Each structure stands twice: as C-alpha cells, then as structure tokens.
Number of protein chains: 2
Amino acid sequence: MPIRNADAERVRNTSFFRSADDATFDTAMNGAFLQRFPANTTLLMEGDTVDFLYILLEGSVELGAGWKSKDTTLAILRPVSTFILAAVVLESDALMSAVTLERSEILMVPGDSLRRGMKENAVFGYAVSEELAGCYRGLVRSIKNHKLRDSTERLANYLLTQRARQGGKDEIVLPHEKRVLAALLGMTPENLSRAFSKLSDKGVSVDGARVGFSNVTVLERLARPSPLIDNHYAQDRNTLGKAYTERQQGVLDQS
Amino acid sequence: MPIRNADAERVRNTSFFRSADDATFDTAMNGAFLQRFPANTTLLMEGDTVDFLYILLEGSVELGAGWKSKDTTLAILRPVSTFILAAVVLESDALMSAVTLERSEILMVPGDSLRRGMKENAVFGYAVSEELAGCYRGLVRSIKNHKLRDSTERLANYLLTQRARQGGKDEIVLPHEKRVLAALLGMTPENLSRAFSKLSDKGVSVDGARVGFSNVTVLERLARPSPLIDNHYAQDRNTLGKAYTERQQGVLDQS
DNA sequence: AAGAGAACTTGATTAATGTCAAGCTCAAGC
DNA sequence: GCTTGAGCTTGACATTAATCAAGTTCTCTT
C-alpha cells in the first residue's frame, strides 16, 4: 500500500524523521510502504534478517524473546514508535521477535534507504543517533527497574507512571489487559493479582481496568519513583523537546 | 595530561573513531585529555551531568546503579571501551555510575567536540550510530540472559563464552575476582560458589581463578548457548569487521 | 614464619517468585 | 435466562536466590 501524505506528515512530526529536510526524507523513505496486519501476527522472529525499519502507526506490538521453551516480553510499543532500528543500522539479524497484539498499521522503510539518508545528511544521522541513545537509555532504565525492584515495587511505579501520564487524577485506566501488563512487568498473571492486593494497603483499589488511588503519598513511599529509572513524561515527546527519544523500553510503555 | 600519539592511534584503531578522517578526528577530539585514576574511584554518579565521553585505555571500570539502598552491576568494561556515549549524544544526565575497579587510564573527550564531529561528518556520525546500536544490542542480550536463564545457566554460558574467547582450550583463567564475577552475573558470591559446584557434574573444575572443562558437550547441553544471547567473539573486534560494536553490556564483558 | 584481613565456601534459614489446580466473573452468543 | 470460554483470582506447593552465620583458604605484610 502506498504511503498516505497524512502518514508521512505524522512520521515527520512524531519521530526522528523530524530532523530530515525534504530531500533527505525522500532518500530515507525511498521504497517505503504501508502495511496492515491482523492481531497476533508475527512480524519478525529472532534471528531473522532485518530488511526494513518498522514504524508503528496504529495498534500495538510486543517485542519479545525466547530461549529453551521460555519466553519473555521486552517491550510493548504503541504509536508512533520505530522498532528494530539497531539491527537496521548494523545490517544484522533481529535479537527480538515482534508480534502484533491487535490489528496494526505499520510503515515499512527499506533499511538501505534509511542508511543512505543517514550517510548523506549528518543532521539526520545525528537524529538517528539521538533515537538510538534514547532507546539505549530506555533499556538501562528497564534493567534497573528489574534488578533493583521486586514485583510489587515495579507495579507501584508502573501505576504512578500511568497516573502521571494520564493527568495525575486519582483514577486511571490500565491501557492493557492484565495478562499483558504482567508480561510487561516481568511477572506471572497470578503474581500481578497478588501484587495488586498487596497495594490495597497503600490505597490502591482495582475494578477491572480502572485503578483508584486514595493515598498517593503512602504509595509513593513504597514505590520511591526515581527520574533515573522511571520516565513519567515520555508521552509528551512532541512538546518536551527531545524527551521523545527517551523510550521506556521494557517495563513501561510509551503510551 | 596531554594525549600521547600512541594513545590517539590506539583509539583510532580500536573504536568507532576509526571511521573519522584526520580533520574530523581533530574536531571530535578537541580538548580531550588523558587522566589516571586509582582503584575504586568514582568517575561519575547516577544523575550527574555528563560533560565528557570516557574512553577506557587501561584498567577496568564498573558501571552500576542503585535504588533504595540496593546496588547492581550493569557492566564491567575493559580496554578499549567508550562509555556513557548515550548521555553525551543526548546531553543528558548519567543513568549509571562509573567506578574504577583498578588503577585506570582514561581518555576524556569533551561532549561538545564529539557532537560537533558527528554533525560535521556524516560518515563519522554513522559510525557513532553503529556503536550505539551495538551497545543497545548488548543490553538486549543482557536482559535476555537475565530473564530467560537461571544463575547456573548464566554461569555455564559465561564460562563457555570465556572459553571461546580464550582460544577454546580446556582450561581458562577467570578475568575477574569471583565477587566481581558474581556481581556481573547478577548473583551473590555465595550463589556463585554453589553454581560452580552444580557444574562439577558437567565436568567443570575450579582451582582459584583457573577453570577446567572435561566434558564440554555435557556443559553445552545445559548451557545451550545461543548467538541471539551470547557473543562469543566480541574480543575480535579488530579483526572481524564491525563485530567490535556488538558489546556485551551487562553480563558478559568484552575481554 | 606469624598474623591480619579479604576472599571464598558451606550450611541453615528466609523471602520472593513461579507453577499447578481450582474456582470465580463477566460478557458474548444462543 | 443459560452456556461458554477467556480472563482473572486464590490457595497450596515447589523452586530459586538472598541472607545470615560460621568456618576455611589465600595473600600480603611485617
């Protein structure tokens, strides 16, 4: 499917393509096309050769990995997100698999075109470096979150991050099913349930996808959110300058 | 301390600076200086403003992070390695602390100079992107290693990686003290001891820093090493083309 | 050679998390 | 209104790893 102008505009406003001038944009996007996928479609498996940069425009995508019959979720992406950029830059195989969680619309940009754009225009290349650096830092945050916090603390911080992103009110709506949230937080659905009940002490009440907070101070005393791990404002990437590039890879999504 | 020519040459042969022409190298290195630090010196704490790119020329450096009185080791670097590149590119704060493990010699490159070099020369900028992409993939490997393997499996794979890097003989020498190795593998020293004794079934014998293998096949059946997690040849970064950029951040070092 | 201190090992215990099994809830479809 | 099935919750249990407490070995210094 050809790219619609509206989509091209959207990509230029919400991703590192913003820094490309018209000529560079045309070079980097040469041969790109739009594709729709149903839910639960495998876009890419671990070890596959990567020929395209993927840009998620609608829907959501899970990045995961497996070994010896185990599987783990590394990140859940929401629009607008690029993925497997690192493999494209290095012309190497994918280290993660990518599966749609719902019907999704994805812009596929030939790796050759992107690399040519980067080599032609240092300013655009710099923007790609910023994006990669942001992804790297997102992973560092994710590792810190997992190695330094237990599952209840991860949930508490996830909830506070969502609360900040949803306007700071005392009720939020979980953006994913609980089983997906459990995978994102690196625990089983059973333990997510138990973690929620541990937080009822701290004023957290759950009703389906709606979560209420009656004592944020107490919750924060447990969660101890830190700007060196949590990224409460990642969704403001269009208004907060380069904050857009600081992805929450892994535990916290960008929604 | 001024930079010695031999050091400049070494950096140009063993890091992403290889792609810089003379003029770009001078731009990117403008104002750089060499500094020596004793063991256990904190170079950088989490949250500090990052003004320099660090290039480790001698010694070793631990990258770590803490939260709520807990600490974790994210990587142990050996020469020649650059670190906190992502923070330099984004002109942001450090997400990790950096501490020397032994007396170390470090080249400090002003962030401004590096950024100027990247913006002046797209080829050099592309090389920095490759480096960042390699660091990113190193972290992905590290997360997979931690989330998919238990501590004994991580040790078994670490040993096989070291064995491959040390020439494939049936005896290797551990490059770190066991307590450092334990931190690197994400476990306590006590559990590292226990993990070694579990591997004695698989033909692994330990004598101080020397580890012998009497049945690699059996060990591999447990470890199940995977090119999508382990990077057996990272030390060959000078001879295997761009493999140098695929860092083992986190669990496996680059030595 | 003796002593001190750090590194390492071992065992007992505790804490955290995963696994298995059963039951509950709710919405969609008949 | 009933059935069905997926998602979710709860409890019992197993596994994994951290913690605490000795003890041992090693190395460096004197």
Side-chain angles (χ1 to χ4, degrees), chain A residues 39-40 62 66-73 76 101-102 145-159 173-201 204-211 222-223 251, chain B residues 39-40 62 66-73 76 101-103 143 145-159 173-201 204-211 222-223 251:
Chain A
N40 300 310
E62 178 193 326
W67 180 77
K68 255 195 188 182
S69 83
K70 271 203 221 177
D71 277 288
T72 189
T73 296
I76 290 174
L101 289 176
E102 42 186 312
N145 192 42
H146 275 275
K147 289 182 76 169
L148 294 168
R149 290 171 172 163
D150 68 25
S151 59
T152 308
E153 290 166 338
R154 291 200 295 277
L155 175 60
N157 278 291
Y158 175 84
L159 294 175
V173 176
L174 298 175
H176 310 288
E177 288 180 337
K178 292 212 184 78
R179 67 187 178 82
V180 174
L181 180 56
L184 196 56
L185 292 171
M187 57 179 114
T188 59
E190 292 95 322
N191 276 326
L192 177 61
S193 271
R194 289 187 259 263
F196 268 120
S197 45
K198 278 185 201 168
L199 293 182
S200 62
D201 290 30
V204 174
S205 54
V206 188
D207 175 22
R210 297 173 345 142
V211 177
L222 169 79
V251 162
Chain B
N40 299 310
E62 178 193 324
W67 180 76
K68 257 193 185 182
S69 82
K70 272 203 221 176
D71 276 288
T72 189
T73 296
I76 291 174
L101 289 176
E102 43 187 312
R103 175 182 162 77
I143 294 178
N145 192 41
H146 275 275
K147 289 181 77 170
L148 295 168
R149 290 171 171 163
D150 69 24
S151 59
T152 307
E153 290 166 337
R154 290 199 297 277
L155 174 60
N157 278 291
Y158 175 84
L159 294 175
V173 176
L174 298 175
H176 309 288
E177 287 182 337
K178 292 212 184 79
R179 67 187 178 82
V180 173
L181 179 56
L184 196 57
L185 292 171
M187 57 180 113
T188 58
E190 292 96 322
N191 276 326
L192 178 61
S193 270
R194 288 187 260 264
F196 268 120
S197 45
K198 277 185 201 168
L199 292 182
S200 63
D201 290 30
V204 174
S205 54
V206 188
D207 174 22
R210 299 177 341 148
V211 177
L222 169 80
V251 163

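Letters go in sequence order (proteins before strands), and every chain restarts at 1. No experiment lies behind these values; they were computed from the predicted model shown. Values below: every heavy atom of this structure, side chains too, minus hydrogens, waters and symmetry copies.
For the pair Arg149(B) CZ and dA17(D) C1', the computed distance is 18 Å after rounding to whole Å. Across the protein-nucleic acid pair, Leu192(B) atom CG and dT16(D) atom P stand 17 Å apart, rounded to whole Å. Between the NZ atom of Lys178(A) and the C1' atom of dA6(D) there is a distance of 13 Å, rounded to whole Å. The CD-P distance, from Glu177(A) to dA27(C), rounds to 14 Å in whole Å. In this entry the distance linking NE2 of His176(B) with C1' of dC8(C) reads 17 Å, nearest Å. Note: CZ (Arg179(B)) to P (dG5(C)) measures 17 Å, nearest angstrom. The nearest whole Å value for the distance from the CG atom in Leu174(A) to the C1' atom in dG7(D) is 14 Å. Note: NE2 (His146(B)) to P (dA17(D)) measures 11 Å, nearest angstrom.
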Short heteroatom pairs, N/O only, protein and nucleotides 19-22 of chain C, under 3.5 Å:
unit_1	atom_1	unit_2	atom_2	d
dT19(C)	O4	Arg194(A)	NH2	2.8
dC20(C)	N4	Glu190(A)	OE2	3.0

Protein and nucleotides 26-29 of chain D: nitrogen or oxygen contacts under 3.5 angstrom:
none

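Of all non-hydrogen atoms in Leu185(A) and His146(A), the two that sit nearest each other are O-CE1, 3.5 Å. Closest non-hydrogen pair, Leu101(B) versus Val180(B), comes out as CD1-CG1, 4.2 Å. When all heavy atoms are compared, the tightest approach of Glu153(B) to Leu148(B) is OE1-O, 4.1 Å. Among all heavy-atom pairs drawn from Ala223(B) and Trp67(A), the shortest one is O-CZ2, 2.9 Å. Annotation for Gly208(A) and Leu174(A): closest pair O-CD1, 4.5 Å, computed over non-hydrogen atoms. When all heavy atoms of Leu222(B) and Ala156(B) are compared, the closest pair comes out as CD2-CB, 4.0 Å.
Counting only heavy atoms from C-beta outward, the side chains of Leu159(B) and Leu199(B) approach each other to under 4.5 Å. Between Val211(B) and Phe196(B) the shortest side-chain heavy-atom distance falls below 4.5 Å.
Checked by atom type and distance alone, the side chain of Arg149(B) never pairs as donor or acceptor with a backbone atom of Arg154(B) at under 3.5 Å. Lys147(A) contributes no side-chain N or O that, together with a main-chain N or O of Asp71(B), makes up a donor-acceptor pair within less than 3.5 Å.
OP1 or OP2 of dA17(D) has at least one side-chain nitrogen or oxygen of Ser151(B) nearer than 4.0 Å.
If you check dG7(D), dA7(C), dG18(C) against the side chain of Met187(A), the one that comes closest is dG18(C). Among the nucleotides dT9(C), dA7(C), dG7(D), the one closest to the side chain of Ser193(B) is dT9(C).
Each end of the helix from dA1(C)-dT30(D) to dC30(C)-dG1(D) gets its own axis, taken as the rotation carrying the C1' atoms of four end pairs onto the next four within a five-pair window, and the two axes meet at 30° to the nearest 10 degrees.
Atoms OH and CG, from Tyr158(A) and Leu184(A) in turn, are 6.0 Å apart once rounded to the nearest 0.5 Å.
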